[in-house]
Amino acid sequence: MSLSHAFDIEHIKQVVASTRQRAVNMVPVIILYVVLFCGITALFGVGHMMVISCAVCIFMNRKVRENNASMCAAIFFMMILLAVLAYVATLNLFWCILLNATVPFALVLTNMNRVMPKGYFGFVMTFVFLELRPLPFDEFLIQLQTVVFAAAVLVAAIALWHAWQQRTHPGDITSASLDALADILDRMAAGEHGHEIARECLELEREFDRLRIKRHHALRQRDRREYAYTMYAILFQRLVYLHSDDAWRAELGERVDPDMFHELALIVRQVRAARTPEDYARIARIIQIILYVVEVPAGRMRVFFRSFLHMLVLILRVESSPAAQAPRAPWRAVPWRELVEDARQSINLDSFEFRFACRLSVVLVISCSLNLVLGIEYFYWITLNSFILLMPSYEESTHRMRTRPVGTAIGCVASVAIAHLLPSTFALFAVSLTLIACMYCCTPGSWVQAVFATTFAMLMVSLTLDTATAAWMRLLSVLIAVGLVLLVNRFVAPSRRDRVFTGNIHLLEDQLQTYWQYVRDTIYGEVDLARSGELLTQFHLIYAEALDFADSLPDEGAREATRDRLATLWRMFAEVEAVEYIAVADDKVEDRDLGTLWRMAGVFHDRPRSDAAYDLLRRLAASMRCRSLAYTLDHYIDDAARYAKLGGPDDVAQAAV
């Protein structure tokens with residue numbers, strides 16, 4: 001057997017295995033589609049089936065996230081609101097332009113993030129699909145009933161899925177993560193160190209970042225679990241930061257006993273074994289005593305030792321505290337000032353969410369306006385295909401513009417052949433549901449998925465229109481949609497990977513400046529660890545995306561240089577986070593040092609890049625009596641100077657490209 005033949009067989013086995021796994025994962029999705037299809041067809045007729053795909057897409061997004069009663073209620077009423085707004089958008093051209101420019105834009109900014117880049121899809125699809133066919137008011141009332149029915153079934157499906165997940169996956173990732181953490185600390189005590197341990201800690205940190213984002217509420221209503229995930233992410237950040245600085249290794253043996261890591265591992269295992277609030281409170285008191293009694297010499301290990309134990313105390317307090325009672329008025333739990341600030345910061349051309357929201361709004365304004373003005377039957381297929389072709393990733397959007405026309409052409413031919421062979425409407429429905437099941441088992445965006453989607457759509461249209469005529473209209477609409485999306489991607493806030501990387505570098509520096517402002521706010525104000533966790537999460541999600549781009553560069557020299565630049569920026573952020581901890585949590589810091597830090601933080605915030613003022617800042621850091629604070633600030637200034645030599649954000653991006 002030749003090598004190429006063996007490779008082909010192995011590739012086929014991998015494809016079959018992945019398809020089988022995808023089919024298993026899609027079973028609840030297919031069941032939901034069948035239930036909605038049968039229910040809506042029986043109760044409201046085949047003319048109101050657009051909402052089915054919308055509800056299914058929302059379910060696919062929510063099934064991988066945390067759900068509770070308030071979230072289910074929000075989804076239910078959101079679908080109804082979007083149905084009403086979609087109807088208003090069909091009343092005249094003014095409302096069409098206004099709502100298509102604002103509603104999808106707002107939905108993208110509130111539901112899209114780097115962990116869930118398509119979190120917007122189901123809600124925007126609901127708005128877009130329900131405005132494709134302008135309806136008289138009496139038919140709109142029937143459509144609204146259809147949406148209420150679909151939303152009720154969707155909420156029930158989410159609740160059942162959540163209950164099933166709780167039954168089949170009752171364990172919490174925190175237990176396994178604490179076991180892994182204790183093992184890492186024991187390995188460090190035995191002398192193991194390097195990139196492997198740092199990579200393991202970073203993966204654990206990012207996992208908690210992802211969990212926190214998945215649980216995060218659009219209105220910033222925090223709960224205890226989300227807060228705990230934030231604390232765990234910061235805990236692993238402590239270890240990652242430690243391994244980014246080789247100075248701690250020189251302190252072991254001479255000034256610090258390596259067995260300290262064994263003692264920390266023992267404490268972590270005690271936290272892992274705790275079960276009741278009383279257990280958590282008892283361990284927290286023990287750690288507080290250790291922090292008060294054990295004195296570690298000033299240096300890198302002291303910063304790590306005290307910040308690590310302090311974070312464990314915070315985690316124990318979160319785990320032992322009773323669940324907060326929700327206020328009588330739900331809107332009182334919403335931090336409206338923070339939401340306004342988030343909205344202000346999200347309007348940023350460096351943000352890939354904002355850039356995509358701009359492109360999506362332009363595409364929908366153009367296509368929906370033409371659909372409303374011309375009033376041609378099935379002209380809405382242009383809007384439908386444009387929405388599906390326009391993806392957050394420029395590369396994925398380009399890929400779909402190649403696969404969608406191919407799949408559509410094949411699907412049109414297949415639908416014409418199948419329509420002539422089906423003996424009855426019941427057989428048509430049976431074949432259509434089979435095609436839908438196959439579609440959801442395919443790779444999203446592939447030409448195969450487009451074949452099944454087109455064949456299904458053409459068979460349903462064949463109930464009211466000649467199949468051959470519909471096929472030509474469908475293919476023409478796809479080609480027009482490709483042209484529209486191609487132009488918008490090219491001229492409206494383009495987001496090629498190199499442009500996204502440039503924006504990410506700018507955002508990372510913005511996060512650094514924001515954290516320095518947070519340091520100033522917490523020196524003399526209230527400490528908001530949830531806000532600190534948000535900054536940490538956002539930084540690492542952006543950093544991970546930038547690092548992926550750097551790793552994909554073909555030139556080895558550019559790849560290593562870009563990694564070095566990003567690593568320097570990462571160390572600067574970790575050092576700011578350490579400064580913030582020392583300033584607000586270490587009782588050894590005197591008021592004199594805090595005043596000096598407050599002034600220094602202002603300079604770092606206003607001048608993020610090293611300049612002549614940094615020489616004065618270095619002398620101020622050296623004058624501090626808190627050696628841990630002086631040590632960390634000195635390292636930050638060194639890294640800031642190094643980063644300045646590497647060039648500004650545009651220089652870094654240009655070097656990578």
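Because only heavy atoms are used, hydrogens play no part in the values below, and waters and symmetry mates are left out as well, while side chains stay in.
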Enter the distance from [X]:[atom1] to [Y]:[atom2] here, rounded to the nearest 0.5 Å.
{"X": "F549", "Y": "I505", "atom1": "CZ", "atom2": "CD1", "result": "9.5 Å"}
{"X": "L422", "Y": "S462", "atom1": "CG", "atom2": "OG", "result": "7.5 Å"}
{"X": "W381", "Y": "S386", "atom1": "CH2", "atom2": "OG", "result": "14.0 Å"}
{"X": "T126", "Y": "M79", "atom1": "OG1", "atom2": "CE", "result": "4.5 Å"}
{"X": "I418", "Y": "T467", "atom1": "CD1", "atom2": "OG1", "result": "10.5 Å"}
{"X": "M125", "Y": "N61", "atom1": "CE", "atom2": "CG", "result": "11.5 Å"}

What are the two closest non-hydrogen atoms of [X] and [Y], and how far apart are they?
{"X": "I97", "Y": "S369", "answer": "CG1-OG, 3.6 Å"}
{"X": "L36", "Y": "A150", "answer": "CD2-CA, 3.8 Å"}
{"X": "D551", "Y": "R563", "answer": "OD1-NE, 2.7 Å"}
{"X": "L459", "Y": "S415", "answer": "CD2-O, 3.9 Å"}
{"X": "A86", "Y": "F127", "answer": "CB-O, 3.5 Å"}
{"X": "L553", "Y": "A558", "answer": "CD1-O, 4.0 Å"}

Sequence neighbours left out, what pairs pass salt bridge (charged side-chain N to carboxylate O under 4.0 Å, His left out) with at least one residue falling in residues 476-497? R496-D498

Can you run down the salt bridge (charged side-chain N to carboxylate O under 4.0 Å, His left out) pairs that involve residues 392-405, sequence neighbours left out, and say none if there aren't any? K118-E396, E396-R400

Does L130 form a side chain to side chain contact (heavy atoms under 4.5 Å, CB included) with L82? I'd like the steps, not just the answer. CA-CA 8 Å; L130 294 181; L82 292 174; 5.9 Å; no

Mind checking whether [X] and [Y] have side chains closer than 4.5 Å, heavy atoms only?
{"X": "M49", "Y": "F44", "answer": "no"}
{"X": "T383", "Y": "L364", "answer": "yes"}
{"X": "L81", "Y": "F77", "answer": "no"}
{"X": "V482", "Y": "N385", "answer": "no"}
{"X": "L360", "Y": "F105", "answer": "no"}
{"X": "F123", "Y": "T110", "answer": "no"}
{"X": "F129", "Y": "Y380", "answer": "no"}

In chain order, what residues pass the side-chain hydrogen bond (donor to acceptor under 3.5 Å, both in side chains) check against [X], with sequence neighbours excluded?
{"X": "T146", "value": "none"}
{"X": "T455", "value": "none"}
{"X": "T102", "value": "none"}

Taken in chain and number order and not counting sequence neighbours, the residues that satisfy salt bridge (charged side-chain N to carboxylate O under 4.0 Å, His left out) with K63 are none

Residues that E207 engages under salt bridge (charged side-chain N to carboxylate O under 4.0 Å, His left out), provided they are two or more places apart: R210

Please step through side chain to side chain contact (heavy atoms under 4.5 Å, CB included) for the pair L566 and L508, ending with a clear verdict. CA-CA 9 Å; L566 288 172; L508 290 174; 4.2 Å; yes

For residues 428-454, please give each side-chain donor-acceptor pair under 3.5 Å, one per line with the distance, not counting sequence neighbours.
{"unit_1": "S432", "atom_1": "OG", "unit_2": "L428", "atom_2": "O", "d": "2.7"}
{"unit_1": "T434", "atom_1": "OG1", "unit_2": "A430", "atom_2": "O", "d": "2.9"}
{"unit_1": "T443", "atom_1": "OG1", "unit_2": "R22", "atom_2": "NH2", "d": "3.3"}
{"unit_1": "S446", "atom_1": "OG", "unit_2": "T443", "atom_2": "O", "d": "2.7"}
{"unit_1": "S446", "atom_1": "OG", "unit_2": "Q449", "atom_2": "N", "d": "3.3"}
{"unit_1": "Q449", "atom_1": "OE1", "unit_2": "G445", "atom_2": "N", "d": "3.0"}
{"unit_1": "T454", "atom_1": "OG1", "unit_2": "A450", "atom_2": "O", "d": "2.8"}

side-chain hydrogen bond (donor to acceptor under 3.5 Å, both in side chains) pairs touching residues 86-100, sequence neighbours excluded, are N100-E131

side-chain hydrogen bond (donor to acceptor under 3.5 Å, both in side chains): pairs with one or both residues in residues 24-50, sequence neighbours excluded: Q21-N25

Side chain to side chain contact (heavy atoms under 4.5 Å, CB included) evaluation trace for N371 with I382: CA-CA 8 Å; N371 179 47; I382 296 177; over 6 Å; no

Would you check, one step at a time, whether the test side-chain hydrogen bond (donor to acceptor under 3.5 Å, both in side chains) holds for S397 with N489? CA-CA 9 Å; S397 192; N489 273 342; 3.1 Å; yes

Applying ring pair (Phe, Tyr, Trp, His ring centres under 6.0 Å) as the test, list every pair that has at least one member in residues 384-406; sequence neighbours left out. F121-F387

Indicate the ring-plane relationship of Y543 and F539, choosing parallel, tilted or perpendicular according to the 30° and 60° boundaries. parallel

More than 12 heavy atoms of other residues, nucleotides or ligands under 6.0 Å from CZ of R133: yes or no? no

Ring center gap for F356 and Y120 short of 6.0 angstrom: yes

What's the verdict on side chain to side chain contact (heavy atoms under 4.5 Å, CB included) for M60 and M26, showing C-alpha distance, side-chain angles and the deciding distance? CA-CA 9 Å; M60 291 173 64; M26 288 294 109; 4.2 Å; yes

Counting distance only, does the side-chain N/O of R355 pair as donor-acceptor with the main-chain N or O of P494 below 3.5 Å? yes

I'd like a table of donor-acceptor pairs (distance under 3.5 Å, sequence neighbours excluded) in which one partner is a side-chain atom from residues 473-481, with atom names and distances.
{"unit_1": "S477", "atom_1": "OG", "unit_2": "M473", "atom_2": "O", "d": "3.3"}
{"unit_1": "S477", "atom_1": "OG", "unit_2": "R474", "atom_2": "O", "d": "2.7"}

